[in-house]
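Residue numbers run from 1 in the order of the sequence given.
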Amino acid sequence: MAGLAAAFGSGAMTNAIAEIEDAGCIFVIGSNTTACHPLVARRILRAKDRGAKLIVADPRNIHLARFADIAVNHRLGSDVALLNGMMHIIIDNNWHDREYISQRTEGFDEFKAMVESYTPERVQEITGVQASELERMARLYATNPPGSLLYAMGITQHTSGVDNVKSCCNLALLCGNVGVHGGGVNPLRGQNNVQGACDMGGLPNVFPGYQPVSDDSIRQKFAAAWGTELSERA
């Protein structure tokens with residue numbers, strides 16, 4: 001949630017689950033989707049039937065990889081390098097959405113300078129993914145819009161989990177895939193009803209709808225609605 005909130009201001013899926021079926025490319029990383037989210041997996045396979053491309057990146061040989069146009073087993077903990085390598089290739093080939101970036105993002109020049117060092121050869125050394133496979137992944141995601149990026153606890157439950165999520169956000173923004181039907185950055189939560197509980201205010205630092213408890217006007221609004229005093233402490 002911290003990574004999504006930093007990028008987009010809200011720690012939730014940017015798109016509806018039903019929109020997965022309308023994606024041009026689906027990129028699944030760190031999610032054993034058929035085992036943990038079978039209904040979502042069903043929608044992924046329906047999208048495949050409609051012609052969508054499927055990329056799977058996971059250290060394990062998961063069932064969903066059988067249906068993928070390309071599936072890679074990158075080394076544990078190398079998610080950021082893998083994603084940065086894809087973004088390096090996308091920029092190098094001018095597959096990024098320049099107009100979208102100029103209108104709807106910030107800090108692109110600094111970001112571009114950072115990913116320049118993540119050449120396919122360097123990323124191959126870090127991740128174990130062949131440079132040719134990395135290039136195929138980048139091409140499929142960047143040239144088959146809209147791209148829906150799905151991830152789960154396979155990338156969030158690391159010391160670099162927040163950076164992993166931010167890198168997913170960067171990739172989606174680079175190709176103009178946020179704010180479009182069928183695209184987005186779409187986390188699949190670890191347990192039933194986790195997202196709904198967060199949406200309803202189950203987190204200690206926000207009210208329902210992710211409205212911060214530290215905001216005086218918001219706190220007063222809920223205090224009046226609920227008929228009780230509320231603390232500003234998370």
Side-chain angles (χ1 to χ4, degrees), residues 1 3-4 7-8 10-74 76 79 82-83 85-87 90 95 127 129 133-157 161 164-165 167-196 199:
M1 289 193 63
L4 286 171
F8 304 137
S10 177
M13 294 179 73
T14 63
N15 291 64
I17 290 173
E19 293 180 33
I20 293 170
E21 296 185 35
D22 298 322
C25 180
I26 300 168
F27 180 21
V28 179
I29 181 169
S31 167
N32 189 357
T33 322
T34 55
C36 300
H37 302 91
L39 298 180
V40 173
R42 183 67 255 168
R43 292 189 182 273
I44 293 172
L45 296 179
R46 285 177 183 166
K48 276 290 293 176
D49 289 341
R50 295 178 179 180
K53 304 299 183 181
L54 175 60
I55 305 165
V56 174
D58 200 290
R60 304 159 295 180
N61 291 313
I62 61 173
H63 180 73
L64 190 64
R66 300 180 187 181
F67 307 95
D69 293 274
I70 182 168
V72 299
N73 303 119
H74 57 297
L76 286 168
D79 307 282
L82 181 77
L83 295 164
M86 289 179 63
M87 291 186 279
I90 289 169
W95 294 332
T127 66
V129 174
E133 293 182 316
L134 188 70
E135 290 168 358
R136 283 185 61 204
M137 293 170 66
R139 180 186 292 272
L140 282 176
Y141 181 79
T143 62
N144 291 279
S148 178
L149 195 157
L150 287 80
Y151 67 84
M153 296 176 76
I155 69 164
T156 60
Q157 304 303 304
N164 292 347
V165 173
S167 295
C168 288
C169 297
N170 286 340
L171 176 60
L173 290 168
L174 184 66
C175 296
N177 282 322
V178 179
V180 298
H181 182 88
V185 179
N186 302 306
L188 307 176
R189 305 306 293 265
Q191 294 85 30
N192 290 340
N193 298 322
V194 168
Q195 188 64 56
D199 293 346

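- Nearest heavy atom pair, residue Cys168 against residue Ile155, reads SG-CD1, 3.7 Å.
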Exercise for review: Please step through side-chain contact (heavy atoms from CB on, under 4.5 Å) for the pair Leu54 and Leu64, ending with a clear verdict.
Suggested key: CA-CA 9 Å; Leu54 175 60; Leu64 190 64; 4.2 Å; yes

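- In this structure, Ala52 and Ala23 approach most closely via the heavy-atom pair CB-O, 3.3 Å.
- The closest side-chain heavy-atom distance from Phe27 to Met86 is below 4.5 Å.
- Looking at heavy atoms from C-beta onward, Leu83 lies out of side-chain contact with Asn170 at the 4.5 angstrom threshold.
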Exercise for review: Could you walk me through whether Val28 and Ile55 pass the side-chain contact (heavy atoms from CB on, under 4.5 Å) test, one step at a time?
Suggested key: CA-CA 6 Å; Val28 179; Ile55 305 165; over 6 Å; no

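- The nearest pair of heavy atoms linking Asn177 to Gly147 is OD1-N, 3.0 Å.
- Within the 4.5 Å cutoff, side-chain heavy atoms of Leu171 are placed close to those of Leu149.
- If you take OG on Ser31 and CZ on Arg60, they are separated by 8.0 Å, rounding to the nearest 0.5 Å.
- Checked by atom type and distance alone, the side chain of Asn186 pairs as donor or acceptor with a backbone atom of Gly183 at under 3.5 Å.
- Atom CG of Asp22 sits about 11.5 Å away from atom CZ of Arg46, to the nearest 0.5 Å.
- A side chain to side chain contact (heavy atoms under 4.5 Å, CB included) with Asp69 holds for exactly one of Leu140, Ile26, Asn144; it is Leu140.
- For the pair Met13 and Pro187, the tightest heavy-atom approach, listed with the atom from each and the gap, is CG-O, 3.4 Å.
- The side chain to side chain contact (heavy atoms under 4.5 Å, CB included) with Leu188 is formed by just one residue from the set Thr33, Ile17, Asn32; it is Thr33.
- Ile20 CD1 to Arg42 CZ: the interatomic distance, rounded to the nearest 0.5 Å, is 12.5 Å.
- Considering all non-hydrogen atoms of both residues, Ile90 and Cys175 come closest at CD1-SG, 3.9 Å.
- Counting only heavy atoms from C-beta outward, the side chains of His181 and Pro146 never approach each other to under 4.5 Å.
- The CE atom of Met87 sits 10.0 Å away from the OH atom of Tyr141 when rounded to the nearest 0.5 Å.
- No side-chain heavy atom of Val40 sits less than 4.5 Å from a side-chain heavy atom of Arg43.
- Counting heavy atoms from C-beta outward, Asp79 and Ser167 have side chains that stay 4.5 Å or more apart.
- Within the 4.5 Å cutoff, the side chain of Ile29 has heavy atoms near those of the Leu82 side chain.
- Here the CD1 atom belonging to Ile44 is positioned 9.0 Å from the OG1 atom belonging to Thr34, to the nearest 0.5 angstrom.
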Point to revise | Criterion side-chain contact (heavy atoms from CB on, under 4.5 Å) on Val185 and Tyr151, from CA distance to verdict | key: CA-CA 8 Å; Val185 179; Tyr151 67 84; 3.7 Å; yes

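- Side-chain contact between Phe67 and Leu45 is present, with at least one heavy-atom pair separated by less than 4.5 Å.
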